[in-house]
Undergrad: 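Could you have a look at this structure, given as C-alpha cells, before my questions?
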Protein chains: 2
Amino acid sequence: MEPLRADDPTAVAAEVVPGRVAQERPRTRRDEIAEAAARYFAEHGYANAGMRDIAEAVGMRGASLYNHFHSKEEILYAIALRMTEDPQADLLLLDGEGGPVQRLTGLVEAHVRRLARHRVEHLVALRELSALTPEHRRIVTDYRKYYQRRIRDVIEAGARMGVFEVRDAHQSAIAVLDLMNGISWWLRDDHDVDQLVDDYVDFTIRGVLHHQVRS
Amino acid sequence: MEPLRADDPTAVAAEVVPGRVAQERPRTRRDEIAEAAARYFAEHGYANAGMRDIAEAVGMRGASLYNHFHSKEEILYAIALRMTEDPQADLLLLDGEGGPVQRLTGLVEAHVRRLARHRVEHLVALRELSALTPEHRRIVTDYRKYYQRRIRDVIEAGARMGVFEVRDAHQSAIAVLDLMNGISWWLRDDHDVDQLVDDYVDFTIRGVLHHQVRS
DNA sequence: GTCTATAATTGGATAGAC
DNA sequence: GTCTATCCAATTATAGAC
C-alpha cells in the first residue's frame, strides 16, 4: 500500500489548462526545498547533487526529504514543471490589447522579467531536461511546444499584416525563444533588469522580426 | 608509477594558441570513442551514461575504454575541448578581407556550419559543462570567453564605423552567440544547412546588430 | 589492446524510533 | 515530520590473464 505523501506534481500539471492563469499557492515547505535544490543543481549540476547535499542546504537530514518528495527526480520535476507551467499564464498577453507588435512585446517583457526573477530554476529546467523520466520530460516538452506555437502564431499574424518581415515564422519563433532563454546561462544578480528587457525587446521585435519603428 | 596511456588532452590544449588553426589529426580510436560517447551523452545525458553503455556503442567492453581514457570525465573533456578549441581557428576570419560586416558574416557562417556538422558534440559541450572538473571547466570557459571577446571587438569596430547599431557591444555579442548556440538544441539531420546559414546571418547581422543593407 | 572478474565507493532510498 | 542507522543497487575503476 502506498503511504500518504505530498501531492504528485503530475496531478497539478493536469489541472492547468494552457492559457489559464496558474493559481497562486501559499508557500509550502516543498517549495522551499525545491528552491534550495534548484540553487544547488544550478551550481553543481543535478547529477552531482546528493540528497544529503540538498537536505543540508535546507537544514535537515537526507532521509527527511522523503516526507516531501518521493524521489530526487521528483524534486527536479517540480522545478521544471513550475518553470514551464507558470509562463503559460503570460500567453494571455497574446490575446490582449493592440496588434501583434504590442502583444509580442508584452510577452517578451514578461518572459524576460520572469526569467530574471527565477534565473536558477529556469537554468536547471532548461539544462537538466534529460535527467527527467521520459513521462515527465514529455509533459514538460508539451508545454514548451504549445508556448512556442503560440509565439509562432503571433509572428505569422504580424507577417501577414506587414509589421514583421520573416521568411519562416516557425524558425523566427525558435530564434526569439533561444535568444531569451540564453539569458539564464549568464545573468548575474547585479544586472539591470529594465535595461535587459529593453535590449531583448530590441533584439527580438526590431531585430529578429525586423519590425520597423514608424517615425 | 603512472602507466603509459593516451595523451592527456590538457597537453593538446596548451599547445594551441588562440587564433592559430588547429592541426588536422588522423582519425584515431580515441576520436571514435569520443564520438560514440557524445551521441550517447546527447541522448541520455552524461550522468545516465555508464562506461558499459559507451563501450557497447563502440563495440567493446567497459574495461577496455581505460586503454584510451583515464576516466569517464576525460571522455567528456575531450569532447568539450574539441568543440571549443576547433572554432578558434575560425577567428582568423575576423582578420580577413572586407569590413566588420563581411568578416562577422563569414564567422557566423563558419560557426553555424561547424555546429551543424558536429551537432551532438556541440550540444554535449554546452549542456554538460558542470560535469567537468573545475580545472577542465576553467580551460573550456577561457576559450569561450576569448571567442566572445573577439566577436565583441568586431561589433565595436562596426559600431564605430556606423555599419552596426548597438547599445552595448558586449551584450550584443552575447545575443549573437546565444542565438547561434541555441541551434544545437533542436537541429535535425534533415535540416537544409544553407537555408539555416542564411537565416542566422539575417538574424544576427541584420537583426541583432541592425545592419542596414545598402541598396 | 581486449577480455573476465572484482574491488571499492557512492548515493538513492527505506525502516523504525521518537 | 525529523532523526539515526542501514540496506542495496549501480557503476567507476582496477587487476591480471591472454
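Nothing here was measured: the structure is a model prediction, and the numbers come from that model.
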Undergrad: From C-beta outward on A:Met51, which listed nucleotide comes closest to its side chain: C:dG12, C:dT14, D:dA13?
TA: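 Looking only at heavy atoms from C-beta outward on A:Met51, the closest nucleotide is C:dG12.
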Undergrad: Give A:Arg52 one of three labels, base, sugar-phosphate or nothing, depending on what nucleic acid heavy atoms sit under 4.0 Å from its own.
TA: base
Undergrad: Can the ring centroids of A:His70 and A:Tyr77 be said to lie less than 6.0 angstrom from one another?
TA: no
Undergrad: Separation of A:Lys72 atom NZ from C:dT10 atom P, in whole Å?
TA: 15 Å
Undergrad: Whole Å only: how far is the CD1 atom of B:Ile54 from the P atom of D:dA13?
TA: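 Result: 10 Å.
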Undergrad: Once you round it to whole Å, what is the distance between P of C:dG1 and CZ of B:Phe69?
TA: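 So the CZ-P distance, B:Phe69 to C:dG1, works out to 12 Å.
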Undergrad: Looking only at atom types and distance, does a side-chain atom of B:Gln171 sit under 3.5 Å from a main-chain N or O of B:Arg167, one as donor and one as acceptor?
TA: no
Undergrad: When all nucleic acid strands are considered with a 4.0 Å heavy-atom cut-off, which category describes A:Ala55: base, sugar-phosphate, or nothing?
TA: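 Nothing, no heavy atom under 4.0 Å.
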Undergrad: Is A:Ser64 close enough to D:dG1 that one of its side-chain N or O atoms is under 4.0 Å from OP1 or OP2 there?
TA: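 No, outside the criterion.
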Undergrad: Give one of base, sugar-phosphate or nothing for A:Ala47, where a contact means two heavy atoms less than 4.0 Å apart.
TA: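 Here A:Ala47 touches no strand at all.
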Undergrad: Find the distance A:Glu74:CD to C:dA13:C1' and express it as a whole number of Å.
TA: 13 Å
Undergrad: Taking OH from A:Tyr66 and C1' from D:dT6, how many angstroms apart are they, rounded to a whole number?
TA: 14 Å
Undergrad: Measure from CG on A:Asp53 to C1' on C:dG12 and round the result to the nearest Å.
TA: 12 Å
Undergrad: Give, for atom CD1 of B:Ile54 and atom CD1 of B:Ile33, the distance between the pair rounded to the nearest 0.5 Å.
TA: 9.0 Å
Undergrad: Please state how far atom CD in A:Glu56 lies from atom C1' in D:dC3, giving the value in whole angstrom units.
TA: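 So the CD-C1' distance, A:Glu56 to D:dC3, works out to 16 Å.
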Undergrad: Kindly say whether the aromatic ring centers of A:Trp185 and A:His122 come within a distance under 6.0 Å.
TA: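 No - the distance between ring centres of A:Trp185 and A:His122 does not fall below the 6.0 Å cut-off.
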Undergrad: From C:dT4, D:dT4, C:dT14, pick the nucleotide closest to the side chain of A:Arg61?
TA: D:dT4
Undergrad: Between P on C:dG11 and CG on B:Asn48, what's the gap in Å once rounded to a whole number?
TA: 15 Å
Undergrad: Looking at A:Glu35 and A:Arg27, does any basic side-chain N land under 4.0 Å from a carboxylate oxygen?
TA: yes
Undergrad: What's the closest nucleotide to the A:Ser71 side chain, out of C:dA13, D:dA5, D:dA13?
TA: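 The answer is C:dA13, which lies nearest to the side chain.
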